[in-house]
Amino acid sequence: MSYHLINTIQKLGHPKILVLGDLILDRYIWGNAERISQEAPVILLREDAQEVRLGGAANVANMLIGLDAEVTMAGVIGSDLDGAVIKEALGERGVDCSAMIHDASRPTTVKQRFMGRAQQRHPHQILRVDREVNTPLDQPTSEKLLNLILPMISEYKAILVSDYAKGVCTPEILAAVIEEARRVGVPVIVDPCPGRDYQIYSGATAITPNRLETARAVGFEVNSQEDAFRAGRQLCNELQLDYVFVTLDSDGIALTQADGLTQILPTRKREVYDITGAGDMVLATIGVGSAARFAPVDLARLANVAGGLEVEQIGVVTISREEMIADLLMGSRVTSEKILPLEELKRHVMARQKLGQKVVLTNGCFDVMHVGHVTYLEQAAAEGDCLIVAVNSDSSVRSLNKGTDRPIFGQAHRASMLAALEGIDYVVVFEETTPCELISLLKPDLLVKGGTYKKEEIVGWDIVESYGGEVRTLGVTPGISTTQILGAIRSNQEHENGATALKHPIEPPKRKAG
């Protein structure tokens with residue numbers, strides 16, 4: 001689990017982003033492929049449903065909305081019904097369409113797919129029919145678009161270019177937008193079109209080509225990480241880019257920076273159901289992160305998460321920040337990242353509770369870890385979806401009159417030992433003699449304590465119940481306590497004249513047969 005990435009997502013804010021590119025309407029006609037037509041040797045599709053989806057740059061705008069960005073769409077649509085459908089769909093999603101131009105001389109780009117099911121199952125694409133004009137915009141239309149875009153570039157935190165070679169991303173438009181964005185310090189991230197001369201993207205902040213697109217652009221195959229780095233360096237040098245993200249499918253993302261630094265960011269293995277929309281999702285995620293001025297390596301890591309979630313879905317779907325956080329929470333956990341300061345931990349707790357997870361909190365000194373601690377912590381972890389252990393600081397332990405030689409182990413040691421336990425999600429150290437302030441801030445769903453306490457003897461019970469939480473006492477392991485262990489150690493040391501070995505080490509109680 002990458003707690004750093006969770007914190008990164010939570011710091012994204014709601015940036016204003018401008019999307020420039022080719023708007024596409026994806027239309028799907030679903031039906032049963034019943035038989036071969038009597039008129040010709042073709043499949044007869046009996047239609048039972050139609051569906052329209054946003055495609056191209058419109059899909060990027062839609063995905064940005066899913067990531068809680070404020071989005072303006074800049075592009076061209078035809079003066080036709082399909083253009084009206086795109087504009088209405090974007091408006092319903094909250095996209096600002098004021099920079100979209102109607103051009104009566106060209107139709108709105110539409111990709112119509114006929115999806116056939118055999119015996120009510122297993123849908124497959126039978127045919128795709130495209131309606132488009134991919135000639136570059138004429139000069140009056142280009143000037144009109146630029147007159148809308150250029151004066152407002154400084155209002156945005158990032159500009160995303162989604163180039164599908166349908167005529168909007170002309171060399172003149174891109175050059176003017178990139179130059180102005182450079183002048184005012186707004187990053188420009190480009191999802192390039194395969195087969196085009198990449199010189200038209202010169203001066204952009206970054207590009208996000210896939211393996212095949214990269215190979216076409218640099219003139220050699222990208223079969224290895226070193227190939228990807230070599231290609232990235234070439235593109236950075238030739239196009240004066242700050243960095244390049246080469247997406248490598250299941251191998252992750254190869255990041256190359258203009259200063260020569262390279263890094264591969266692997267992605268975890270996933271069930272791939274549909275790669276449609278993954279490139280748009282990567283662009284949208286990198287765009288939101290760029291708007292927040294995150295480091296390129298974090299942009300790549302976030303893009304891996306979002307792109308991975310996209311390919312696990314059928315068709316093009318939006319991915320939310322909550323889904324990304326939930327995915328990260330399910331990943332592997334690094335011990336050192338579990339130990340968090342209180343304010344940072346609060347953000348994690350809020351994120352988990354927003355996802356519907358039950359947060360459990362327990363607290364104590366945990367000076368000498370023993371089987372009693374481990375047993376009750378395992379029980380605590382089983383009570384919810386997330387277990388937080390609050391640990392008394394060294395000064396706090398001393399103020400509790402545990403003895404002049406306590407704590408035996410310092411707070412950093414104790415926190416690390418707890419964080420190493422699989423069932424524990426977070427560890428936080430608190431300075432106060434009681435965890436009341438911490439409980440008030442975190443508001444756990446369940447407060448637990450191991451031992452024979454009555455509910456009213458558990459510190460903080462009244463705070464938890466005041467906001468509707470629960471308080472519970474868990475089991476105790478008979479014959480095992482820190483006081484007993486330390487007493488046995490002292491007794492053995494005295495008996496052996498200072499020897500540190502235990503003559504009669506304490507064993508956990510034997511289980512009863514049956």
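With hydrogens and angles disregarded, no donor-acceptor distance shorter than 3.5 Å links the side chain of R27 to the backbone of V52. A distance-only check finds a donor-acceptor pair linking the side chain of E457 to the backbone of K454 [under 3.5 Å]. In this structure, the side chain of Q263 does not engage the main chain of V297 through any donor-acceptor pair within 3.5 Å. At distances below 3.5 Å, not a single donor-acceptor pair connects side-chain atoms of N59 with backbone N or O atoms of D280. Looking only at distances, no side-chain donor or acceptor of R472 sits under 3.5 Å from a matching main-chain atom of A380. One N or O on the side chain of D385 and one on the backbone of K358 form a donor-acceptor pair closer than 3.5 Å. Side-chain atoms of D425 come within 3.5 Å of backbone N or O of L387 as a donor-acceptor pair. In terms of modelled atom types and a separation under 3.5 Å, the side chain of T72 and the main chain of D96 share no donor-acceptor contact. Side-chain atoms of S399 come within 3.5 Å of backbone N or O of S396 as a donor-acceptor pair.
The one candidate from K338, E344, H348 that meets the side-chain hydrogen bond (donor to acceptor under 3.5 Å, both in side chains) condition with Y426 is H348.
Contact record, L18 with M152: CD1-CE, 4.3 Å, taken as the closest heavy-atom pair. Shortest non-hydrogen contact noted between W30 and E51 is NE1-OE1, 3.3 Å. Shown here for F229 and T262, the closest heavy-atom pair between the two residues is CD2-CB, 3.5 Å. In plain terms, the two heavy atoms of A419 and I339 that are nearest each other are CB-CG1, 4.0 Å. In plain terms, the two heavy atoms of V391 and C365 that are nearest each other are CG1-O, 3.8 Å. Taking all atoms of both residues into account, the shortest heavy-atom contact from A158 to A291 is CB-CB, 3.9 Å.
Separating the CZ atom in R301 from the CG atom in L5 is a distance of 6.5 Å, to the nearest 0.5 Å. Interatomic distance, CZ of R53 versus OH of Y28, reported as 4.5 Å (0.5 Å rounding). Taking CG of L361 as the start and NZ of K449 as the end, the distance is 9.5 Å to the nearest 0.5 Å. The CG atom of D394 sits 8.5 Å away from atom CG of D367, with the distance rounded to the nearest 0.5 Å. Atom CD of residue E431 and atom CG of residue N392 lie 9.5 Å apart, to the nearest 0.5 angstrom. From I458, atom CD1 reaches atom CG of N363 across 9.0 Å, with rounding to the nearest 0.5 Å.
At least one side-chain heavy atom of V19 sits under 4.5 Å from a side-chain heavy atom of V71. Looking at heavy atoms from C-beta onward, L342 lies out of side-chain contact with F430 at the 4.5 angstrom threshold. With contacts defined as side-chain heavy-atom distances shorter than 4.5 Å, the pair V459/C436 qualifies. Looking only at side-chain heavy atoms (C-beta outward), I159 and T205 stay at 4.5 Å or farther from each other.
By the neighbour-count criterion of 12 heavy atoms within 6.0 Å, atom CD of Q50 is densely surrounded, having more than that number from other residues, nucleotides or ligands. The local environment of CE in M350 is sparse, with at most 12 non-hydrogen atoms from other residues, nucleotides or ligands closer than 6.0 Å.
The aromatic rings of F409 and H413 lie parallel to each other, with less than 30° between the two planes, well short of the 60° mark.
Listed by chain and residue number, R352 satisfy the side-chain hydrogen bond (donor to acceptor under 3.5 Å, both in side chains) test with Q357 (two or more places apart in sequence, or in another chain).
For the 3.5 Å distance criterion, the side chains of D251 and Q225 fail to qualify, holding no donor opposite an acceptor.
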